[in-house]
Amino acid sequence: MKSKTKIYDPDKIEGKWQKIWERSGIYKTKDGGNKPKCYILDMFPYPSGIGLHMGHPKGYVPTDTYSRYKKMNGYNVLHPMGWDAFGLPAENYAIKNKIHPAVSVKKNIKKFKEQLGRIGFDYDWSREIDTTDPKYYKWTQWIFLKLLEKGLAYESYEPINWCPSCQTGLANEDLDNGVCERCGSEVEKKPMRQWVLRITDYAERLLKDLDILKWPESVKESQRNWIGKSEGAEIDFKITNDELRIKVFTTHPETIFGATYLVLSPEHPLVAQLKDKIKNWKEVEKYILEARQKTEILRTAEGKEKTGVELRGITAINPANQKEIPVWMADYVLAHHETGSIMAVPAHDERDRSFAEKFKLPIVTVLQPLVTRISGIDAFKHREGVSERKAVVAVIKHWSEDKYLGVRWGNTGWQGFVIGGIENGENSETAGMREIVEETGYLHPKLVGKLGETVHARFWQNIKRQNRLAHFEPVLYELVDGERNEPTEEEKTLHKLSWLTPEEMCAFITHDDMAIIWNRVHDGHCKFISGCEVSSILVNSGRFDGLTVSEAVEEFEKLSLITRTTTYKLKDWVFSRQRYWGEPIPVIHCEKCALDNPVGRGVVPVSEKDLPVTLPKVKSYAPTGTGESPLADIKSWVNTKCPRCKGPGKRETNTMPQWAGSSWYYLRYMDPKNNKSLVDKKREKYWSPIDMYVGGTEHATRHLIYARFWHKFLFDIEIVNFEEPFTQLKNQGLVLAEDGRKMSKRWGNVIDPDGIVKRFGADALRVYIMFMGPFENAVAWQTNGVVGTRRFIERVWGLQNKLADRKSKVEESDDFISLLNRTIKKVGDDISSFSFNTAISAMMILINASDNLPRLSRNSFEKILKILAPFAPHIVEELWSNIGGSPLTGKRTRKSIHLERWPKYDESWLKDKTIKIAVQINGKVRDEFSAPADSDENILKTEATSRRNVKKWIDGKEIKKTIYVKGKLINIVVN
RNA sequence: GCGCAGGUGGCGAAAUUGGUAGACGCGCUAGCCUUAGGAGCUAGAGCUCGCAAGAGUGUGGAGGUUCGAGUCCUCUCCUGCGCACCA
């Protein structure tokens, strides 16, 4: 009999094992072998001076558990960690405190590593990387050289986003509603030289390959939005009496005949060229200046009220109908979007309509709905001829109630409104009057008005055995009174009439053409009905009238009226920053080479053997504000030899953005020490792609799109063997403060992981983080919750006192053994599906049950420790080692529990021996009883009906049927 | 406005995918015990009525399908996230 074990002291045992693990190297990963590989990656942290925050373990602890589980299941797991250490905070800290960023970064990394170490992760630290290490950024620069070589990096002089506070240019991705996402300053447009990466060349692939990724739908959707593909056409509008043309982009080229005016954005370059011709230049100039002063936010925040000014003296020719149309300027047209100019089709575009209405511009309808019956007896037969007919559709309102007349055509089952042909000499209104009297017998219809555009319908007329194309003119009438001629018997069988409320009418209508008309009367709630196909055909479009949208677009294209194009919202990646703390862009500017080759502007790449171009020491890290980085001041560094002509050259002084190093870091972990290549081909082939990538949602459109872009490029130049870097992605939820707000210094509600580890131990913290809610959920921190998981951990600790002696046999109940087996299965399944919270809940149930046993067998205890090992690695290692000693020698005879195999469960124990059957009467639970698992259905039913609690519900009633759900319940249906 | 997630006790949440709603944990209540602690043990608890047995009711709301609905269908309301005068 063992003596009582000492008190659980996480402080002691956790530190002890962390040291032993590190010394023994049990977490070192081999590159290769017979085991299947599994690459599990956490998004690496930016090592800020504040140290670890709760968000880090929220993501890192679950992947660590997942990693340990995979290892125990025979996988060769790569689970590395490193530092994304370039970036503004370190630089700003340097400016303020005059400490070189490299120094503070080193200090921060040390702190981060210690803090991570205290939580007990299984990282292979021999593969640690740091993006600011020249040995690392040599390869970041190398990738840039390759991009340059392939024409994917270029210098541009277009105006870019400039943050006046951070004193640097920014990419579109770095803006948050027009504001610098880092400091919140209003961003300006500033023309300056910059390096840009041609990410747009990859737009289509970046979009298409999203389909093969196992990523959260929301992240994929964000990326689709960001790429912003739109298919349409470009159309040139010639300016009247001028050689100049206005190019517009539209997603609806079929509406070209409806383009009644053009609109330029205030920034449109053509405006300057047209200045002399514009008669109201003063007014236009004022508008331009006003627009320039408004920020983008202001412009859009003003809502839907549109402003604009006509360019008097300028007109354009609509190439479709040669009509002269006015040209306007308005800020609802955005300069940076597509061509910065539009053809306005007010009849079919909401924005254009409100603009046209405000400024009294013509509105020409060029599309009308076409409904084709595609199923049922009246389905349109595409191969047969068509006879056309004009008809009126009369919607008739009741004289005193809010009801409308529904007509059912007795012989066809068709339900809708009064319909009749329009005869010679009639218009739709008069034809409708006549039809109402003829068809319904009501004598006093009053015309209310037409109901909008013609609705076309194609269907098969079964009685006449022919296709019909009907042009329905909808007209609304109201009856003055109910006076009526009694209809003939024939009429009565032909047309069954009923007065219907608007809701009833929706349900009554059988075809979409009628639904479209009804929606014009009764605003919009009528759903379209299956069996019909709704499309549009052209009208008011000259000889193209009657064509479908796709037919028209095809025709226009043939005539070169339009040029079909696909555009993307994604813009090329502005890649240079006028700051110090980043990778130097490895090129040299040479004036002599510029003369030899004006196209290349004298940009000469640093030769590969001279990489890395290291950051020099500077006196001042502060940005110069001139649009040049602080590097420009270091003459000894800037002035160098041109690698091509050996003449004098100047180094590029811009640096790369923070996203550069993180766009490929996952490859370096595979082969972190390689100084011959970025990554060894064999190793890359072995480890790629990443099987599980975990991080926060804030990287949905930047890091994840940049990294995919670089990866695809590296695939193209055959550095990597697979098109996508991260096959599976998961986002951990936020940790909110106890008050439900974000944790922030400002609110004083920050809980730091270190403090929790000190008070409760790393194992309790780990278990709590995973237990607090589903992995992806944002959940509020509760320190009391950690108390709960600490209690759980201590209960596990206490189990060693129940441990039976090696020699003595222990009888554990069937129930317990069954529970143990089921828990092994459930915990494994749950880890695989990232359902850590339910895995822990299952283990709690098991531990509670173990706690209630008088004695626990060694075998069971070991299994319990093993399934707990991925969650609470320290305590299980301690307990494992406690029971590992031989009672004779006292020597430790076993290796770490983390090198053990995941226990197997026994299928035969997963089934219950006895089952609990619930008895329902009409679906309500009234009783329950236990029975052997193999009980016959009839015996169970007999038992159920004979029970007292059941009898009182069924006595005197007729049992209509009895449903038995195997092993679960019996439902008795009575009336 | 468009798209994507979600709405279940006082709280975090479960629910084998159509079969006993609320497992597990926090908090709470009562009792016990003690080395007075952020401790342990036992019991209780969705809500309403009731001393209780029990009955009614209950997964944002309204309908529907079904012997049976948190789960499926229709409509609707609310919350979070992304995009947004996107041509």
Side-chain angles (χ1 to χ4, degrees), chain A residues 177 216-226 228-230 232-233 248-253 255 263 265 296 299-306 330-334 336-345 348-352 354-355 525 527 567-569 697 700-701 731 734 740 759-760 767-768 771-774 776-792 794-795 798 826 829 835 837-845 847-848 916-928 949 952 960-974:
Chain A
N177 273 321
E217 204 41 55
S218 60
V219 177
K220 291 209 231 178
E221 200 54 30
S222 287
Q223 296 220 342
R224 287 191 194 105
N225 280 338
W226 193 260
K229 179 178 182 174
S230 68
V248 306
F249 177 82
T250 175
T251 48
H252 291 284
T255 60
V263 189
S265 64
E296 191 124 329
R299 267 206 215 177
T300 52
E302 274 171 17
K304 305 282 178 235
E305 183 62 29
K306 300 217 170 1
D331 65 6
Y332 83 91
V333 175
L334 306 174
H336 60 262
H337 194 261
E338 314 293 358
T339 56
S341 47
I342 61 158
M343 68 174 200
V345 184
H348 302 289
D349 182 282
E350 240 179 86
R351 294 152 299 160
D352 297 344
S354 67
F355 190 81
H525 283 329
K527 271 191 313 171
T567 65
Y568 300 89
K569 202 188 88 176
T697 45
T701 47
N731 295 127
L734 287 175
R759 275 167 67 187
F760 301 98
V767 173
Y768 174 64
F771 184 62
M772 67 196 290
E776 321 79 45
N777 275 25
V779 268
W781 177 268
Q782 278 182 33
T783 301
N784 267 327
V786 194
V787 175
T789 53
R790 166 69 185 254
R791 219 173 269 161
F792 163 68
E794 290 203 30
R795 207 164 287 172
K826 178 158 177 63
D829 291 349
S835 309
N837 56 333
T838 49
I840 290 164
S841 143
M843 285 188 295
M844 284 172 167
I845 294 168
I847 299 302
N848 290 345
K916 242 172 35 179
I917 300 289
V919 188
Q920 296 183 333
I921 315 294
N922 288 345
K924 285 207 165 87
V925 181
R926 298 298 181 186
D927 197 10
E928 69 175 35
N949 282 345
K952 82 178 180 203
K960 285 169 75 181
K961 62 172 152 174
T962 309
I963 292 133
Y964 173 60
V965 182
K966 200 162 183 296
K968 296 241 158 89
L969 62 79
I970 288 169
N971 189 12
I972 301 166
V973 184
V974 297

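Predicted model, so just to flag it, every value in this text is computed and none were measured. Order of the sequence lines sets the chain letters (A, B, ...), proteins ahead of strands, with each chain counted from 1.
- B:C26 atom P lies 11 Å from atom OH of A:Y768, rounded to whole Å.
- With its glycosidic angle more than 90° from 0, B:G61 is assigned anti.
- To the nearest whole angstrom, the two C1' atoms, one in B:C51 and one in B:G25, are 32 Å apart.
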List, with names and distances, any nitrogen or oxygen atoms from the protein found under 3.5 Å away from nitrogen or oxygen atoms belonging to nucleotides 28-35 of chain B.
none

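- For the C1' atoms, the distance linking B:A14 with B:G7 amounts to 16 Å, nearest Å.
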Just by protein heavy atoms under 4.0 Å, how would nucleotides 41-56 of chain B read 5' to 3' in B, S and -? S------------SSS
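- A residue-by-residue look at A:D927 and A:I840 shows that A:D927 has its nearest nucleotide of RNA chain B further toward the 5' end.
- Rounded to the nearest 0.5 angstrom, A:I847 CD1 and A:R795 CZ are separated by 9.5 Å.
- Side-chain atoms of A:S222 come within 3.5 Å of backbone atoms of A:S218 as a donor-acceptor pair (strictly under, hydrogens ignored).
- Within the 4.0 angstrom heavy-atom criterion, only backbone atoms of the sugar-phosphate kind lie near A:I845; the bases stay farther away.
- Distance A:E338 CD to B:C85 P: 13 Å, rounded to the nearest Å.
- Taking atom CZ on A:R790 and atom P on B:G40, their separation rounds to 10 Å, with Å as the unit.
- Counting non-hydrogen atoms under 4.0 angstrom, A:G788 reaches the backbone sugars and phosphates but no base.
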Annotated protein contacts, base or backbone, on nucleotides 2-19 of chain B with a non-hydrogen cut-off under 4.0 Å, one of B, S, - each: -SS------SBSS-B--B
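- Close to B:G27, at under 4.0 Å from its OP1 or OP2, lies a side-chain N or O of A:N784.
- Judged as a side-chain contact (heavy atoms from CB on, under 4.5 Å), and not counting sequence neighbours, the contacts of A:N225 are A:E221.
- As rounded to whole Å, 13 Å separates atom C1' of B:G82 from atom CZ of A:R224.
- Taking 3.5 Å as the limit, the base of B:C67 and the side chain of A:K960 contain no donor-acceptor pair of atoms between them.
- Comparing A:G785 and A:A918 by the nucleotide of RNA chain B that holds the closest heavy atom to each, the one mapping nearer the 5' end is A:A918.
- Nucleotides B:G18 and B:U71 have their C1' atoms positioned 7 Å apart, rounded to a whole Å.
- Here A:T838 contributes atom OG1 and A:M844 contributes atom CE; the two are 12.0 Å apart, rounded to the nearest 0.5 Å.
- For A:E776, the CD atom counts as densely surrounded, since its 6.0 Å shell holds more than 12 non-hydrogen atoms of other residues, nucleotides or ligands.
- Close to B:C86, at under 4.0 Å from its OP1 or OP2, lies no side-chain N or O of A:K569.
- Side chain of A:T250 to main chain of A:A233: no donor-acceptor pair is present (N/O by atom type, distance under 3.5 Å, no hydrogens or angles).
- In terms of the ring-ring contact (aromatic ring centres under 6.0 Å, His included) criterion, residue partners of A:Y768 (sequence neighbours excluded) are, by chain and number, A:W781.
- Heavy atoms only, all atoms of each residue included: A:I840 and A:V767 are closest at CD1-O, 3.5 Å.
- Between A:K916 atom NZ and B:A23 atom C1' the separation is 12 Å, expressed in whole Å.
- In this structure, the CZ atom of A:F792 is 19 Å from the P atom of B:A39, given to the nearest Å.
- A:T567 and A:S230 form a side-chain donor-acceptor contact under 3.5 Å, judged by distance and modelled atom types alone.
- Looking at A:N971, its side chain never comes within 3.5 Å of a backbone N or O of A:T962 through a donor-acceptor pair.
- Distance CD (A:E928) to C1' (B:U20): 7 Å, rounded to an integer number of Å.
- Summarising the geometry of A:A780 relative to A:M772, their closest heavy-atom pair is O-CE, 3.8 Å, with the distance given to 0.1 Å.
- Of the candidate nucleotides B:A87, B:C83, B:C24, B:A87 has the atom lying nearest to any side-chain atom of A:V333.
- Atom CZ of residue A:F760 and atom OG1 of residue A:T783 lie 6.0 Å apart, to the nearest 0.5 angstrom.
- Across B:A45 and B:C26, the matching C1' atoms stand 15 Å from one another, rounded to whole Å.
- With B:A23, B:C86, B:U20 as the candidates, the nucleotide lying closest to the side chain of A:V925 is B:U20.
- Between A:K968 and A:E928 there is no salt bridge, since no side-chain nitrogen of the basic residue lies less than 4.0 Å from a carboxylate oxygen of the acidic one.
- B:A62 and B:A43: their P atoms are spaced 38 Å apart (whole Å).
- Distance check: A:D927 CG to A:I917 CD1 gives 11.5 Å after rounding to the nearest 0.5 Å.
- In B:U17 the O4'-C1'-N dihedral to the base is within 90° of 0, which defines a syn nucleotide.
- Annotated stems with RNA chain B as a participant read B:1-7 with B:77-83, B:10-12 with B:24-26, B:28-32 with B:40-44, B:46-49 with B:54-57, B:60-64 with B:72-76, given as range with range, by first number; only runs of 3 or more Watson-Crick or G-U pairs under 3.5 Å qualify.
- B:G10 and B:G58 have their P atoms separated by 16 Å, given to the nearest Å.
- The shortest non-hydrogen separation linking A:G773 to A:V779 is CA-CG1, 4.5 Å.
- Between B:C72 and B:A5, the two P atoms lie 13 Å apart (nearest whole Å).
- For the pair A:K306 and A:Y332, the cation-pi criterion (under 6.0 Å, within 45° of the ring axis) is fulfilled.
- Between the P atoms of B:U59 and B:G70, the separation comes to 7 Å (whole Å).
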